[in-house]
Amino acid sequence: MVLNGAEHSAFSDRALPGDKEKRNPNHHRAILAVSTAFWDAWLREDADARAWLDGAGPLSVLERQDRWQRK
């Protein structure tokens, strides 16, 4: 997942000293959604979370300029 214009602190709900770009609140929401689904899929063996990750789920929380890629 590549979040367009995200600072390193996008994983947090607040800016860190030295951040240069204005925060995009959707970055934090997208990180929470995708990372929670990932952990649910792999640690809880949750088939629905895995299907969400394998399908269009991640794209539903990203913005048009962001990028999702699976390897």
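Numbers here simply count residues along the sequence, with the first being 1. Note that the coordinates shown come from a computational prediction; the quantities given were computed from them, not determined experimentally. Scope of the values below: all heavy atoms of this structure, side chains included, with no hydrogens, waters or symmetry mates.
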Report summary line: Taking every heavy atom of Asn24 against every heavy atom of Asn26, the minimum-distance pair comes out as OD1-N, 2.9 Å
Report task. Can you measure from CZ (Arg50) to CG (Asp40) and round to the nearest 0.5 angstrom? Result -> 13.0 Å
**Report entry** Heavy atoms of other groups near Gln65 CD, more than 12 under 6.0 Å
**Finding:** yes
Requested in this report: Verify the cluster assignment for Trp39 and Leu53: are they in a single hydrophobic cluster under the rule of side-chain heavy atoms below 4.5 Å apart?
Outcome: yes
Query raised in the report: Do Arg70 and Asp54 come close enough that some side-chain heavy atom pair is under 4.5 Å?
Result: yes
Report summary line: Tightest non-hydrogen contact, residues Pro58 and Trp52, listed as CD-O, 3.1 Å
Query raised in the report: Any side-chain heavy atom of Leu3 sitting closer than 4.5 Å to one from Leu62?
Result: yes
**Report entry** Whether Asp66 side chain and Asn4 backbone form a donor-acceptor pair below 3.5 Å
**Finding:** yes
Query raised in the report: So, for Val61 and Val34, which heavy atoms are closest and what is the spacing to 0.1 Å?
Result: CG2-CG2, 4.1 Å
Requested in this report: Locate the shortest heavy-atom distance separating Ala49 from Ala37; write the atom from each residue and the value.
Outcome: CB-O, 3.5 Å
**Report entry** hydrophobic_cluster_shared for Phe38 and Leu43, side chain cutoff 4.5 Å
**Finding:** yes
Query raised in the report: At their closest point, which heavy atom of His27 faces which heavy atom of Ala6, and how far apart are they?
Result: ND1-CB, 3.5 Å
Report summary line: So CE of Met1 and CD1 of Ile31: to nearest 0.5 Å the spacing works out to 5.0 Å
